[in-house]
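Read through the structure below, which is laid out as structure tokens, and then see the notes.
Per chain, numbering begins at 1; letters A, B, ... match sequence-line order.
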2 protein chains.
Amino acid sequence: MERGRGALGPALELVHTGRAPTRAVLTSELGVTRATAGAVAAELEALGLITVDSRPTASAGAQGRPSHRLFVDERGPVVLAAQIHADGYRVALVGLGGRIVATAAGCGTIPADPAHVLAEAVAAGSALLSETGRRCLGAGLAVPSAVAEPDGEALNPLHLAWPPGAPVRELFLRALADAAIPGVTERIGFTGNDVNLGALAEHRHGAGRGARDLLCVASGHRGVGGALVLDGRLHSGSSGLALEVGHLTVNPEGAPCHCGSRGCLDVEADPLAFLGAAGRTPGPEGSLLHQAVDLLRNDYADPGVRAAADLLIDRLGLGIAGLVNILNPDRIILGGLHRALVEADPERLRAVVADRSLWGRSGGVPILPCSLDHNSLVGAAELAWQPVLDDPLVVVDR
Amino acid sequence: MERGRGALGPALELVHTGRAPTRAVLTSELGVTRATAGAVAAELEALGLITVDSRPTASAGAQGRPSHRLFVDERGPVVLAAQIHADGYRVALVGLGGRIVATAAGCGTIPADPAHVLAEAVAAGSALLSETGRRCLGAGLAVPSAVAEPDGEALNPLHLAWPPGAPVRELFLRALADAAIPGVTERIGFTGNDVNLGALAEHRHGAGRGARDLLCVASGHRGVGGALVLDGRLHSGSSGLALEVGHLTVNPEGAPCHCGSRGCLDVEADPLAFLGAAGRTPGPEGSLLHQAVDLLRNDYADPGVRAAADLLIDRLGLGIAGLVNILNPDRIILGGLHRALVEADPERLRAVVADRSLWGRSGGVPILPCSLDHNSLVGAAELAWQPVLDDPLVVVDR
DNA sequence: GTATTTTGTTTAGCGTCGGCACAAAGTCAG
DNA sequence: CTGACTTTGTGCCGACGCTAAACAAAATAC
């Protein structure tokens, strides 16, 4: 009787990622008949997840009957996304399509206590939910650390004041339970590394759309992180520790690293390294990342700054070339300081990567700056949306 | 009416990989009812792909009615697998389950001409088919070179006398067409890198069974290759060039490599490097790989050989640790000379990898020798079997 | 020998999707 | 403006592929 149950999840994902702007496109993308696609769209609309605009469209331009347009429901449910970083936290309510509905930030009054910071973040998110009156279907958290699977422990929260091995997923779940957010009653607090989640967000809604093998590299405030999205799914390794690229050697005679080696990407291509190469000492206000990005953008004409940028691009390119030889991605996206570097001089980085990677064809891989604001936050939301994308019918029970 | 069409492919794959020894297990693995599993098994038997042993089993030991045993049909169809290596070629007829039914080898009379070598190999395979009278459903080829997608060109057949960029897939298809093998009328000549295909074979039938993220590293006669199997599927990158691990730097002051760098895995951990480290000069007869493996296995008591083995293990471990940090696999399998190295001293390699990889948990990843004879050949057969595994009904038309 | 457990088989029924015919909504040509 | 054409949406029917349930079969346990 009810048509289109099996295709419900794929259909929602297509609308969610913007790949199904109309019902006709949905039909062809799903590979089903128009009848089935219509039933699927109607079902998703009944669930309150999408809206079908059946009014005659203004001007289609093309021949034939204009197709009904499909939108993510702007008044539909949201998920709660939280991100922890060196300066504190940021929370947001994120709807389907990766749209940030509301956001708030705080500094975290007791930075050394993860439970306390998470409780504050969740409280801020809960306040957003109360203010907006939106229905919440889940929650996701991004942290600037490798997150070990399956336990969800933050292994190296180096530039947080947290103890290594903090059980962030458990603490996040507990904070959610304590906050007693309506609708968020089960264990639906997903947790991941911020660069990983940023990559996921870029793949679905940003500069990574359409890529099959997407590699992301991003500097945080300290250190360098990587992420890999394969066939639309995050590859975080068997225990969540993949793409820890910070300790690739890019300068054999370089500075010593806490890992015991020297010349690691972590110490040769992060904001502190850039400030040092430019002969600046970090100031007291503003994060290292902001200081470095501001310096790069405002004083790129300064020869010393320019030389520092060139040096970092060369080192970064060496690291990326190594990754290209191993992973052979079809697109590369850079975040944090690296985004600013590739924006400052796109050609130099492409040339270095092409020169140091083995095959000309791999060297020709596109390298783009990331394109989403708060992509880690949006990625955390993607994690929370995933159960709904897998089976949209789960929304009826909650 | 006909039950169990959609589950046909997954069911055959379960039997093929040995994960469904009985109908009861098939039922639970597929997640379907006994009725459906029974229909699926009957259909596969009717297709001549598996046999269902419904005779009362000798002694089950367990309570309840014994389940019918499922076997790959030993008299069923086969695929033609071919492997090109430095010394010539090897061909085999491979049935479901990765079982080699018949095999033959030759040296290749005009090694510099890929078309000629491939024609000889296909002719040898065709002869095997005539002798055995088996039905052939496809053909696969393994070559010791990166194979670029989507064109199927051998980019670096370094230790073959082939020109770089030889269009091996096209040449293989042409050789198959020229041989006019009954049944192999369409374009079903699949081609891949030998280490990649070996990894696929190990994952399905060998030491890699059950691994989710499997990393393989293997030395050929010259150089080092890598492969990655993720969620049961080969990850060969967007253009087939992933896991070209030969140019990871493992010894910054090492020997120069043709890639322009120095101390690459290719020149620091291959059979030639081992013979050199042991103070031996390569002899004229036998491949470098065989000479190195023989030396290692026969003269391991010799302090010089032992020291050379330790040195290569240390370098190899450094390279593997780098890969572990990037890929976070849950199992590692070694082939070629590296297999012999890990068999000679399993603990040393594990210790090096654990020491040089970032996380203790990743350092604890199991490192095993490969377990299949001719795994590249079996992997080439896997490539050819894949269409049948995707939809077993394709066998009825051919 | 009877009860219990587990597996295989048969039958009925239902849910999901494709196919088809028809209606609807636009463009294009004159 | 009108009619032909193109493309999209919808309702109806049937086929296919599965589940559910009852029953039969083959072993062990007591």
When you compare the side chain of A:Leu80 with that of A:Leu176, does any pair of heavy atoms fall below 4.5 Å?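 The answer is yes, as the side chains (C-beta and beyond) meet within the 4.5 Å cut-off.
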Is there a side-chain contact between A:Leu215 and A:Ile333, using heavy atoms and a 4.5 Å cut-off?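 No - every pair of side-chain heavy atoms lies 4.5 Å or more apart.
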Distance-only, no hydrogens or angles: does the B:Asp231 side chain make a donor-acceptor pair with backbone N or O of B:Arg212 under 3.5 Å? no
At under 4.0 Å between heavy atoms, what does A:Ala39 touch on the DNA or RNA strands: base, sugar-phosphate, or nothing?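 The residue A:Ala39 makes no contact with any strand.
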Write down the distance between [atom1] ([X]) and [atom2] ([N]), rounded to a whole number of angstrom.
X	N	atom1	atom2	value
B:Leu393	D:dC16	CG	P	13 Å
B:Arg5	D:dT19	CZ	P	16 Å
B:Glu43	C:dT9	CD	P	15 Å

Indicate for each nucleotide in nucleotides 5-15 of chain D, in 5' to 3' sequence, whether protein heavy atoms under 4.0 Å reach the base (B), only the sugar-phosphate (S), or nothing (-). -BBBBBBB---
Taking the basic N atoms (NZ, or NE/NH1/NH2) and the acidic carboxylate oxygens, is any pair closer than 4.0 Å for B:Arg331 and B:Glu202?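 B:Glu202 and B:Arg331: not salt-bridged.
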Does a side-chain N-to-carboxylate-O contact under 4.0 Å join B:Glu43 and B:Arg5?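 Salt bridge present between B:Glu43 and B:Arg5.
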Between B:His16 and B:Glu382, is any side-chain donor less than 3.5 angstrom from a side-chain acceptor? yes
